Structures are given as structure tokens and as C-alpha cells.
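See structure below.
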Amino acid sequence: MSRYDPKEIEEKWQKRWRESALYKSLEDSGKEKSYVLDMFPYPSGEGLHVGHPKGYIATDIYSRLQRMRGKSVLHPMGWDAFGLPAENFAIKNKVHPSAAVERNIARYKEQLGMIGFDYDWSREINTIDPGYYRWTQWIFLQMFKKGLAYESNEPINWCPQCQTGLANEDVEDGQCERCNTAVEKRRMRQWVLRITDYADRMLQDLEALPWPEHIKELQRNWIGRSEGAEIIFPLSGKYKFVLLHGFNGNPSEDTYLWIKKELENRGHEVVVPELPNTSAPTEKEWVAAALGAATYDKNTIVIGHSLGAVTAMKVLEKLDTTVAGLVLFGGFCDPNFLDKARPFANTFSWKFDGGKIQKNTGRIVILHDRNDTAISRSQVEALSHLLDTPITEVVAKEPHFEASEEPVVIHAALPSIKVFTTRADTLFGATYVVLAPEHPLLGELRERISNWKEVEKYTITAQHKTEIERTADGKEKSGVELKGIKVINPATEKEIPIFVADYVLGGYGTGAIMAVPAHDERDFAFAKKFNLSIQEVITGGDIEKAAYTGPGTLINSEHFDGVSSEEARQKITRSYGEVKVSYKLRDWVFSRQRYWGEPIPLIHCDKDGWVAVPEKDLPVRLPEVDHYEPTGTGESPLSNITEWVNTRCPTCGGPGRRETNTMPQWAGSSWYYLRFMDPKDSAELVSKKNEKYWAPVDMYVGGAEHATRHLIYARFWHKFLYDIGIVTTLEPFTHLYSVGLILAEDGRKMSKRFGNVINPDDVVMRYGADAFRVYEMFMGPFENAVAWSTDSIAGARRFVERIWRLAEHMGDEDPSLEQILHQTVKKVGEDIEQFKFNTAISQMMIFLNAVEDAGSIGTKQFSIFVRLIAPFAPHLAEELWERVGEPYSVHRAPWPSFEESKLVGESVPMVVQINGRLRATINVPPKADQHEFQSLAEEAVKERLKGVHIKRVIVVPGRLVNFVVEEKS
RNA sequence: GCCGGAGUGGCGAAAUUGGUAGACGCACUUGCCUUAGGAGCAAGCGGGGCAACCCAUAGAGGUUCAAUUCCUCUCUCCGGCACCA
């Protein structure tokens with residue numbers, strides 16, 4: 001037999017596999033399917049190092065086993081080529097990203113090709129392909145249409161190095177995950193995806209997933225659900241309310257009477273003027289009547305319902321003074337109603353001076369009833385835009401707030417601070433309230449805050465701090481009291497002070513907390529520093545020394561005294577607040593101010609606002625440009641391409657401007673696994689038929705670093721696609737393993753920087769692909785991080801060569817090998833299923849040792865063994881398969897089966913113990929009965945049992961006999 | 001600080017309804033073969049002891065005839081989150 005020459009046989013079989021399309025995936029085979037997937041790479045300029053293929057080898061072995069088990073296998077590969085890594089590489093090397101990507105992909109394919117993977121390359125996809133990103137854009141549009149994509153101006157993370165906004169998930173320790181630059185907070189226009197709407201479902205469905213526990217735990221922590229209560233702390237002070245009724249209304253309607261009574265009960269003054277000619281109102285008459293009915297000053301809050309809201313705005317336009325608040329419920333600023341036209345469309349002017357209204361008003365509230373029958377969403381959005389005020393969406397008791405009681409209006413009318421707490425039981429101990437520096441109420445109350453300058457300075461400083469500075473300042477608390485205003489603790493009814501402090505985060509809960517210094521460590525530190533009162537309300541600690549955060553019994557809490565904190569939490573929530581759930585997960589900031597990404601398919605029209613690009617016009621192609629460097633201004637480089645930006649509004653045909661931000665790196669990878677099922681389909685994202693056949697991914701393998709990014713995003717998109725009927729499974733990935741890192745021989749991470757990178761090409765050249773594959777799988781448990789060892793790979797090569805030489809020792813079937821062969825068949829199959837490749841290989845080594853001891857192996861036995869090794873060393877196995885005269889290909893040969901009866905031999909070793917200590921090992925027939933085992937054991941240790949008293953005998957059939965003895969006295 | 005996971009020879013590790021601790025491999029030692037070997041073959045390889053045996057799975061306790069495995073406490077390492085109310 002010839003010398004083992006891996007290069008020769010590997011090239012030979014790789015060519016043959018390619019030419020015979022051996023690994024082509026078919027959906028109409030009538031077979032059971034198995035979808036095995038690797039997290040597809042972004043093709044970086046550095047090429048692969050030996051760590052990258054580890055996961056690919058595992059899926060390759062797994063998918064080959066599935067194929068031999070008679071399944072129809074989908075094991076595809078593609079490229080995640082949009083995003084910062086590719087773009088930064090291109091900028092650095094002064095090439096166009098698309099050219100760089102093309103070059104890098106060619107290199108990757110060459111490297112992957114050498115290792116002998118069973119990918120079906122006819123299904124290759126690339127996220128930068130317009131035929132692909134057309135569907136990425138399409139998914140975004142479906143989200144936009146469902147209100148899951150929204151425009152926001154909240155402060156977000158900004159990386160000054162990459163010059164783009166980032167999602168929460170892209171920030172690690174306050175640094176940009178890509179370039180480790182400290183991120184800043186920056187207020188800018190963004191598209192944001194409402195991933196938090198799916199938080200609960202993602203959490204719930206996680207439970208049943210058979211994923212590794214550590215990955216599930218990472219996701220749970222990242223989503224960070226906590227149940228608590230929202231409690232309203234009203235601002236102290238008395239107001240005069242002017243309540244303006246609507247079209248066809250009058251002051252004695254139940255709704256208005258009820259609102260009036262509720263406010264008066266709280267000690268406020270309420271005026272409800274009767275507006276004239278209510279079935280044929282005119283702006284002139286109504287505004288005059290409203291102005292004449294009351295004096296307006298800084299203690300006035302104007303409430304307007306429906307047309308009364310329009311009147312209220314007109315009133316405010318005319319005032320020279322500032323009022324405390326403006327509350328609009330069922331309001332609008334154009335007469336395009338959902339249901340029917342109304343006669344005042346022409347008797348009111350629909351021009352408003354939004355700036356003036358804002359200037360004349362402290363606090364503006366726009367209440368919109370989700371079920372309103374007259375007011376459309378776009379009408380409220382226009383109103384929101386006019387007054388630069390977010391919409392407060394609620395569900396009224398009756399549509400358009402027409403029930404006899406509408407508590408949401410009272411809540412909105414009274415200036416108050418809503419806090420989120422998980423410790424409602426400590427409400428009586430809340431001695432102050434703290435707002436986050438971003439809290440909108442600060443600006444709204446500026447007229448009434450006597451130290452506004454100081455407060456403003458603090459908030460600006462706090463918001464300009466980077467996350468690193470904010471946490472580096474550490475546990476040292478800072479903050480400023482809002483002088484001149486106070487809130488009322490709803491439980492104690494006492495006035496308590498309000499602070500602004502950056503230990504309260506704007507993005508979490510309501511951005512405001514009730515501070516309970518006696519029972520919260522942070523509040524305790526803050527109260528000590530500012531000398532605030534500390535009120536103990538839970539027994540069990542010593543609040544002189546420290547906050548007590550444990551459970552206990554309530555004290556100083558009026559009629560709740562004596563109740564356990566557990567129980568009080570529910571009771572107090574019920575009395576003073578409502579149950580609420582908060583998440584650490586933030587909505588997904590989805591815009592990037594960079595060139596190399598999918599254009600967001602929206603057009604802005606002055607008349608219609610943001611309009612979706614019609615589906616027939618997708619994809620919105622990324623324009624070819626010479627200069628694509630980031631602008632740094634917060635605008636995407638695309639904004640400079642006027643001929644691309646300027647377009648027509650798809651709705652009205654008027655002038656429109658394209659959205660110039662692009663999508664983040666994670667967009668294309670959030671659904672790519674679906675496209676592999678049907679990569680060429682131009683009519684559908686994925687055809688119903690193919691989705692039904694292949695989905696979900698049965699086995700998914702990739703790095704653990706994706707647990708809180710890609711795997712969260714993909715699960716979110718999948719659930720959305722489920723909701724709109726594109727996919728039929730609740731989860732995208734059934735089984736998941738995270739691949740353990742391969743470290744360099746020096747124990748550090750492999751990196752160009754350290755000069756310790758090992759290149760797979762060199763390893764394959766020297767040891768062969770099969771030895772390389774076996775070595776990587778034998779290094780240790782799949783999920784462990786292990787250091788590369790050149791010494792050890794020689795062992796893998798030795799193993800491969802010993803198998804090669806086995807072909808020289810073919811003879812008659814050797815019955816002595818039967819038992820161990822069947823054991824090996826069983827173990828290798830089971831271990832591959834469980835990703836325990838290291839023990840599968842060790843079992844094959846044990847078998848090989850046994851064959852060498854026996855001196856020869858039968859042809860049939862050899863053919864079984866070749867099939868076992870085929871997933872691990874596919875080239876070697878194919879060559880040996882051919883040499884023993886079996887028909888092409890071993891990779892389509894049936895996986896061997898084992899016989900239960902052959903797993904056990906004529907005799908089995910059994911342990912004999914005395915007092916639990918090993919005293920003999922004997923061979924016994926496996927099927928003997930208890931007494932036989934015992935007497936055989938007794939015989940073996942006869943001498944030792946002389947002169948002792950046997951108290952007890954434990955017999956584990958076929959395994960062990962233990963004599964419990966004591967010295968005869 | 002909180003939440004996960006782990007700790008077994010010189011090294012990677014194996015061993016689960018509790019039942020021979022260290023399989024398999026690397027490195028190492030000795031010998032054989034060889035002009036030569038980064039090849040092959042044979043033997044050895046946790047510690048102590050001439051031996052019978054004894055000790056040993058991070059440490060301490062416990063349950064059990066029997067514990068790497070179950071329970072309690074402590075220590076160390078890795079990963080994640082981190083002022084999340």
C-alpha cells in the first residue's frame with residue numbers, strides 16, 4: 001500500500017465531491033430534514049486562523065452523520081459583509097468596501113475549501129447582494145408599517161472614532177465594541193426598533209429551548225425583567241384649571257362634571273366655561289368665550305377636549321403670559337377625521353403657531369386614546385410634531401374619552417412624578433424623589449424651579465459625561481435639589497423634596513425613583529451625603545449603620561404595620577400604584593451614520609411625513625460612490641449625494657428626501673438563516689414550501705459572544721416574522737452550541753498584534769486536513785477554550801496514519817473485535833449527536849488499539865469502521881472506501897447500526913470490595929443471578945473473609961459485590 | 001456587588017439513576033529496530049512504601065456499605081452584568 005499522502009487524496013476527493021454535487025441540499029427528497037448552520041462570518045482582511053474553523057468542523061461532522069442517517073441535509077455558508085469591520089478595513093487600505101469584500105471572500109473560500117467541508121455552495125448568500133438586502137429592507141418596512149420602527153430624538157451612544165450612533169448591545173464597558181473608544185451620549189435623530197415589545201415573549205420562549213444554560217442566562221440578564229409598581233407622586237401646589245369642552249358638548253356632561261369634581265376634591269379651582277353655538281361653532285366665538293371665562297396666569301392649567309383642545313391652543317397663542325400647563329385629550333390640529341367630516345372644518349383656521357404655544361406653556365400633555373374612533377394616528381402625530389411633545393398613548397374608558405369617568409385625564413392633568421419601584425412595601429419610607437438628568441419634567445417645570453440655573457448646569461454636565469465617567473465617579477453620589485417645588489408622598493401625604501441626580505438612569509423604568517434611604521444602598525449613600533431624613537419602615541436591620549435591603553415586617557407604615565414586606569408589596573401596590581414590568585433591554589437603535597450598510601427604505605415628504613418606499617421599488621440600492629468616509633456630523637455620507645437623496649414622495653408625488661442613515665451590521669444576519677432555505681427566490685423572502693420543510697434550524701453553532709447581540713436580534717426578527725405569517729415556528733434555532741476559543745500556544749488570544757496566529761493553510765499543508773479536523777475535535781470538550789499545541793496535532797496525524805495502515809491488515813472477520821466494534825458504533829453516534837467529539841475520537845482510538853492488538857481486521861468490520869471515521873476524516877474515509885471496493889460515496893453510505901446483544905461479551909469484569917475497598921477484580925458471566933455473583937466474589941476473597949463477621953453483602957449485578965464486615969470479637 | 005460556569009496527574013482530559021478515579025491523547029523515561037529520524041515497535045508514567053497496603057478529584061465538614069458525583073460552609077479561577085430602583 002502506498003504512503004499516506006494527504007495532499008493528494010484531499011485534492012482528489014474535494015474535486016470529485018464538487019463535480020458530483022455530492023452535498024446538494026434537496027427539499028423534495030421525501031426524507032426527514034436536518035438543517036445545520038454555522039454563524040456566517042464577515043470576511044475580514046486577515047483571513048481565517050485555526051480558531052475559526054473549529055465550529056465549522058463540528059457542524060460538518062454533525063451534518064455528515066445526519067446525511068448518513070438518511071436525512072436530507074441543509075448545511076450552507078454565506079457572508080455577512082456589510083458593517084463597520086468591512087468598511088473600516090476598506091478605509092484603512094484605501095479600497096472600495098465592495099472590492100475589499102470580494103477579495104476577502106475569495107480568500108475565505110479558498111481557505112475553507114482546503115478543509116473539506118460539505119457546504120452546498122449553490123446556496124451561498126451575501127448580505128450585500130441587492131437581491132438579498134432587498135428583503136432586509138422589506139422586513140424593516142413591515143416593522144415600520146406595524147409601528148415597530150419609530151423615529152426618536154433621545155440621547156444615544158455615539159462612538160467618536162467610528163463616527164456613528166450605536167445600539168446598547170454595541171457598547172461594552174462604556175466603550176465601542178469595535179474600536180474600544182469611550183462612547184459619548186449624543187442627542188440625535190434615530191430610527192429605533194421596538195424590541196422591548198418582544199421582551200416578554202423572548203424571555204418566556206427561552207425556557208423551553210434546549211440551549212446551554214449559560215447562554216440562556218446571558219439572555220435573561222440582558223433582557224433584565226423586573227416586576228414592580230408604578231406610583232404617582234403629585235406635585236404639591238394648587239392650580240386653577242380651565243376645562244374647554246368639545247363640539248356638540250356642554251359643561252354639564254358627565255365626563256366634565258366628574259373631572260371637575262375630582263380636581264376640586266383635591267383642592268384645586270376648576271372653571272368649565274360654556275362655549276357658544278356648540279353645534280355650529282366658530283373659532284372667533286369659542287376663543288373669545290374661553291378667554292373671557294377666566295384669567296390666565298402661571299398657576300393656570302388649560303385642559304381641552306377634542307375641539308376644546310383646538311380652542312385651547314388658539315387661546316394660548318393669544319396670551320402674553322405663561323400658564324403652568326396645557327392638557328389636550330382627543331385633540332388634533334387638522335380636520336381629517338377617521339369617520340366623517342364636521343361643520344367646523346371651515347369655521348376654524350388650521351394654522352397654529354406651535355412655537356408660541358410652547359413658549360406660553362410650562363408642561364404640555366397630548367393624550368391619545370388608542371381606540372379613538374375619530375382621531376387618527378397621523379392627526380396626533382401632526383399635533384405631536386406641532387408642539388414638539390411626545391404622545392401619551394392611553395386606553396380611555398370609552399373611545400374618544402367619552403365615559404362618565406376618565407381617570408387617565410385626571411392623571412394627565414395634575415403635574416406629578418411617576419416612579420418605578422420593586423419595593424412598593426417601603427413606600428412609607430420614601431423621603432425624597434429623584435429624577436434622572438434626562439427627565440422631561442425638568443424642562444417643563446423650569447418656571448417654578450427657583451434654582452433653575454444650578455439645576456440646568458447639573459443636567460447638562462451629567463448628560464455630557466461618558467458612561468465611563470459616570471461610573472468612574474463611582475459610588476460618590478452627586479445631585480441637586482429642585483428648589484421651589486415639592487411632591488407629596490401619596491402614602492404619608494407629606495411634602496418631600498425632589499432632586500435631580502445621575503445615579504438615576506433616564507432610560508430605565510420611568511426615569512424617576514422614590515428614594516427610600518433606609519432600605520436601598522444607593523439612596524442611603526445619597527441621603528447621608530445630602531443630610532436627608534432616613535425613615536425605617538422594615539424591621540431587621542440597623543439603619544444607623546447601613547441600608548437594610550432584606551425582608552422583614554413593616555413599621556411606621558400606619559395600618560400596614562405588622563404586615564410582612566412580601567405581602568405589603570402587593571397590598572401597597574394595589575392601594576397606591578399599579579403593577580408594572582421594566583426591562584433592562586432597550587429598544588434597538590437601528591440607524592448608522594455610515595455608508596456601508598443597507599439603506600433604510602424611507603422617504604420623507606413635507607406633507608406626508610415619513611413614507612415607506614413601495615415594495616415594488618425595493619431594493620433601495622446603495623449608491624456607488626467614490627467617497628464613503630463618515631462625515632462626523634451625525635449625517636450619513638449618503639446625505640451628500642443629492643441626486644440620490646432627492647426623489648419623489650411615493651404617496652403624493654411631491655418632492656421627497658430619502659433617509660440617508662443605513663442599517664447596523666446586525667440587520668442582515670437577523671434573518672439570513674431563512675434565506676438559505678430558498679436563496680434565489682425573487683418573489684418571496686422564503687417560499688412557504690421551503691420554509692415549511694427546512695425550518696427551524698436544527699443545529700446552530702457559533703461564538704458565545706453573540707448571545708446578547710445576534711441571537712437576541714435574530715429571535716426578535718423571527719418572532720416578528722412569525723406574527724406577520726412569514727415563518728411558522730416560534731423560535732429560529734432549536735439546538736445551539738457555542739464554540740470554545742482556540743488560544744495561541746502562549747495561552748493568549750490569537751492576534752496579529754501578538755504575532756501568535758496559526759494559519760489553517762499551513763497546518764493543512766503539513767499535517768493534512770483530516771488530521772487537522774481530528775485534532776481540533778480531540779482538543780477537549782467542544783465548548784472549552786483550549787490552547788493550540790503543535791505537539792498534539794502530531795498525535796492526530798499518527799492516529800490518521802494508523803487507520804491508513806489498517807488497510808494492510810485486512811483478513812478474516814475477527815470475532816474478538818465484535819463487541820468493541822459494536823460499542824464503538826454506539827458511542828460514536830451518540831457522542832456526535834451530543835457534540836462530544838473528543839470522546840467519540842477516543843473511543844475510535846480504543847478500537848484501533850484493539851485491532852492492532854488483534855493483528856488484523858475483517859473486511860466487513862473495516863467497512864463499518866471507515867464509515868465511523870468518515871464524518872471526522874472525510875477524505876481518508878472516502879479513499880479507503882474506494883480501496884475496499886465500495887461504491888462512491890462513503891458520505892452517502894448508511895450509518896452503521898449496532899446490536900444491543902453484542903455490546904456485552906461472554907464475561908464482564910466485576911469488582912469485589914470489603915468495606916468499600918477494592919480487594920479483587922474478577923470476570924463473571926453477565927447474566928448470573930445474585931447468589932452466583934456473591935459466591936464467585938466470596939471465592940475470590942476467601943482468605944480475607946476468614947475470621948471476620950459478614951454483616952451485610954451488597955450486590956450490584958455484573959458490576960460489584962461489597963462485603964460489609966467487622967472483626968469477630 | 002449581583003448572576004452563571006468551573007476547579008481531577010507535568011499538560012488536554014475521561015468517568016452521572018453514587019459503584020474499579022485518571023480511559024484516550026500529548027509530553028516524558030527506558031529498551032528494541034535503524035546509516036539516520038521530529039519514523040516505527042515494546043514497556044513504564046498521581047504520591048508514599050521492599051511489600052501487604054496506605055494517601056489522593058481546590059479546602060473543611062456531613063449523608064452513605066460506597067462520594068469526582070448528593071448536602072452545608074470556605075477558597076480560587078473563568079465568563080457575563082454592573083448605580084437597572
Side-chain angles (χ1 to χ4, degrees), chain A residues 172-174 212-222 224-226 228-229 419-424 426 430 434 436 467 470-471 473-477 501-516 519-523 525-526 549 582-586 704-705 707-708 738 741 774-775 778-781 783-799 801-802 805 836 838-849 852 909-921 944 951-956 958-965:
Chain A
E172 273 174 7
D173 295 330
E213 196 48 43
H214 66 276
I215 301 279
K216 294 187 359 175
E217 193 60 24
L218 287 182
Q219 292 215 346
R220 279 188 211 111
N221 286 343
W222 192 263
R225 182 182 200 271
S226 48
V419 305
F420 175 75
T421 180
T422 54
R423 291 298 305 273
T426 63
V434 189
E467 206 166 313
R470 210 158 142 165
T471 35
D473 293 350
K475 307 294 163 203
E476 187 59 31
K477 297 277 181 290
D502 66 3
Y503 82 92
V504 174
L505 307 175
Y508 184 74
T510 60
I513 61 156
M514 64 177 210
V516 187
H519 304 292
D520 181 282
E521 282 163 28
R522 296 149 301 182
D523 299 341
F526 191 83
T549 57
S582 280
Y583 301 94
K584 287 199 215 179
L585 180 74
R586 304 292 150 85
E705 71 274 16
T708 54
S738 65
L741 278 182
V774 166
Y775 170 60
F778 189 60
M779 287 176 87
E783 299 201 315
N784 280 18
V786 194
W788 182 263
S789 157
T790 301
D791 276 338
S792 294
I793 194 174
R797 167 67 185 254
R798 255 194 296 272
F799 171 64
E801 284 207 51
R802 282 165 66 202
R805 282 199 298 270
K836 287 156 72 172
N838 55 333
T839 50
I841 293 169
S842 94
Q843 179 64 35
M844 291 189 287
M845 288 172 168
I846 291 168
F847 176 75
L848 183 58
N849 290 344
E852 288 176 348
M910 187 177 77
V911 168
V912 185
Q913 294 179 334
I914 294 173
N915 286 345
R917 296 192 168 274
L918 174 70
R919 286 295 176 259
T921 307
R944 291 171 180 280
K951 279 164 64 186
R952 231 177 115 189
V953 182
I954 289 122
V955 179
V956 182
R959 300 290 297 266
L960 154 154
V961 174
N962 186 15
F963 296 97
V964 184
V965 305

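Computation of the quantities below employed the complete heavy-atom set of this structure, encompassing side-chain atoms and omitting hydrogens, waters and symmetry-equivalent molecules. As the structure is a prediction and not an experimental result, all values here were calculated from the model.
Note: CH2 (A:Trp222) to P (B:G79) measures 17 Å, nearest angstrom. Between the CZ atom of A:Phe420 and the P atom of B:C83 there is a distance of 16 Å, given to the nearest Å. Distance A:Phe847 CZ to B:G25 P: 15 Å, rounded to the nearest Å. The CG-C1' distance, from A:Leu218 to B:A82, rounds to 14 Å in whole Å.
The side chain to side chain donor-acceptor pair (under 3.5 Å) test applied to A:Arg797 returns A:Glu801, not counting sequence neighbours. Residues passing the ring pair (Phe, Tyr, Trp, His ring centres under 6.0 Å) test with A:Phe847 are A:Phe865, sequence neighbours excluded. With sequence neighbours left out, the salt bridge (charged side-chain N to carboxylate O under 4.0 Å, His left out) criterion links A:Arg802 to A:Glu852. Residues forming a side chain to side chain donor-acceptor pair (under 3.5 Å) with A:Gln219 (at least two apart in sequence, or on another chain): A:Arg715. Looking at residues two or more places apart in sequence or on another chain, you find a ring pair (Phe, Tyr, Trp, His ring centres under 6.0 Å) between A:Tyr775 and A:Trp788. Take A:Tyr503 and apply the ring pair (Phe, Tyr, Trp, His ring centres under 6.0 Å) test, not counting sequence neighbours, and it matches A:Phe526. Remark: A:Ser792 engages A:Ser789 in a side chain to side chain donor-acceptor pair (under 3.5 Å) (not counting sequence neighbours).
No contact: A:Gly509 has no heavy atom under 4.0 Å from any strand. Among the atoms of the strands shown, only primed sugar atoms or phosphate atoms (P, OP1, OP2) are found under 4.0 Å from some heavy atom of A:Ser226. Nucleic acid contact for A:Val516: none, since no nucleic acid atom lies under 4.0 Å from a heavy atom of the residue. Within the nucleic acid shown, A:Ser789 has no heavy atom closer than 4.0 Å to any nucleic acid atom. When heavy atoms are screened at a 4.0 angstrom cut-off, A:Arg220 is found touching no nucleic acid atom at all.
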Considering only nitrogen or oxygen atoms on both sides, find all protein atoms under 3.5 Å from nucleotides 62-67 of chain B and state each distance.
{"unit_1": "B:C65", "atom_1": "OP1", "unit_2": "A:Arg952", "atom_2": "NH1", "d": "3.3"}
{"unit_1": "B:C65", "atom_1": "O2", "unit_2": "A:Asn962", "atom_2": "ND2", "d": "2.5"}

Give each protein N/O atom lying under 3.5 Å from an N/O atom of nucleotides 1-9 of chain B, with the pair distance.
{"unit_1": "B:C3", "atom_1": "O2'", "unit_2": "A:Glu217", "atom_2": "OE2", "d": "2.8"}

Pull out every protein N or O sitting under 3.5 Å from an N or O of nucleotides 10-14 of chain B, one pair per line with the distance.
{"unit_1": "B:G12", "atom_1": "O2'", "unit_2": "A:Met779", "atom_2": "O", "d": "2.1"}
{"unit_1": "B:A13", "atom_1": "OP1", "unit_2": "A:Asn784", "atom_2": "ND2", "d": "3.0"}
{"unit_1": "B:A14", "atom_1": "OP1", "unit_2": "A:Asn838", "atom_2": "ND2", "d": "3.3"}

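Set against B:A85, B:C41, B:C26, the side chain of A:Arg798 has B:C26 as its closest nucleotide. For A:Asp791, the listed nucleotide lying nearest its side chain is B:A27; candidates were B:A85, B:C41, B:A27. Here the side chain of A:Thr422 is nearest to one of B:A85, B:A23, B:G19, namely B:A85.
Remark: the separation of the C1' atoms in B:G46 and B:U29 is 16 Å, to the nearest Å. Taking atom C1' in both B:A23 and B:U8, the straight-line distance is 13 Å, to the nearest Å. Spacing between B:A15 and B:A67 at atom C1', rounded to whole Å, works out to 13 Å. Here the separation of B:A66 from B:G18, taken at their P atoms, is 15 Å to the nearest Å. Here, B:A39 and B:C28 have their P atoms 10 Å apart, quoted to the whole Å. For the P atom pair drawn from B:U63 and B:U16, the interatomic distance equals 26 Å after rounding to whole Å. With P as the reference atom, B:G10 and B:A58 are 14 Å apart, rounded to whole Å. Comparing B:U30 with B:C78, their P atoms are spaced 38 Å from each other, to the whole Å.
Here the side chains of A:Ile914 and A:Arg917 are not in contact, with every heavy-atom distance at 4.5 Å or above. The closest side-chain heavy-atom distance from A:Val953 to A:Asn962 is not below 4.5 Å. A heavy-atom distance below 4.5 Å is not found between the side chains of A:Phe963 and A:Arg944.
Closest non-hydrogen pair, A:Met514 versus A:Arg423, comes out as CE-O, 3.5 Å. Residue A:Ala704 comes nearest to A:Leu218 through the heavy atom pair O-CD1, 4.4 Å, listed as atom of the first residue, atom of the second, then distance. Closest heavy-atom contact between A:Ala515 and A:Asp523: CA-OD2, 3.3 Å. Residues A:Met910 and A:Gly958 come closest through the heavy atom pair CG-C, 4.2 Å. The shortest non-hydrogen separation linking A:Pro212 to A:Glu783 is CG-OE2, 3.6 Å. Across all non-hydrogen atoms, the minimal contact from A:Ile513 to A:Val419 is C-CG1, 3.5 Å.
Looking at A:Asn838, its side chain never comes within 3.5 Å of a backbone N or O of A:Met779 through a donor-acceptor pair.
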Item checked: Secondary structure string for RNA chain B (Watson-Crick or G-U under 3.5 angstrom, | for other-strand pairs) -> (((((((..(((......[....))).(((((.......))))).(((....)))..(((((..]....))))))))))))....
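Under the 90° criterion around 0 for the glycosidic angle, B:G9 counts as syn.
Ranked by how close their nearest RNA chain B nucleotide is to the 5' end, A:Tyr503 and A:Gln843 are led by A:Gln843.
In A:Glu521, the CD atom is not crowded: 12 or fewer heavy atoms of neighbouring residues, nucleotides or ligands sit closer than 6.0 Å.
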Next item on the list: Could you run through nucleotides 44-58 of chain B and give me one letter per nucleotide, 5' to 3': B if any protein heavy atom sits under 4.0 Å from the base, S if only the sugar-phosphate is that close, - if neither?
Entry: --------SSSS---
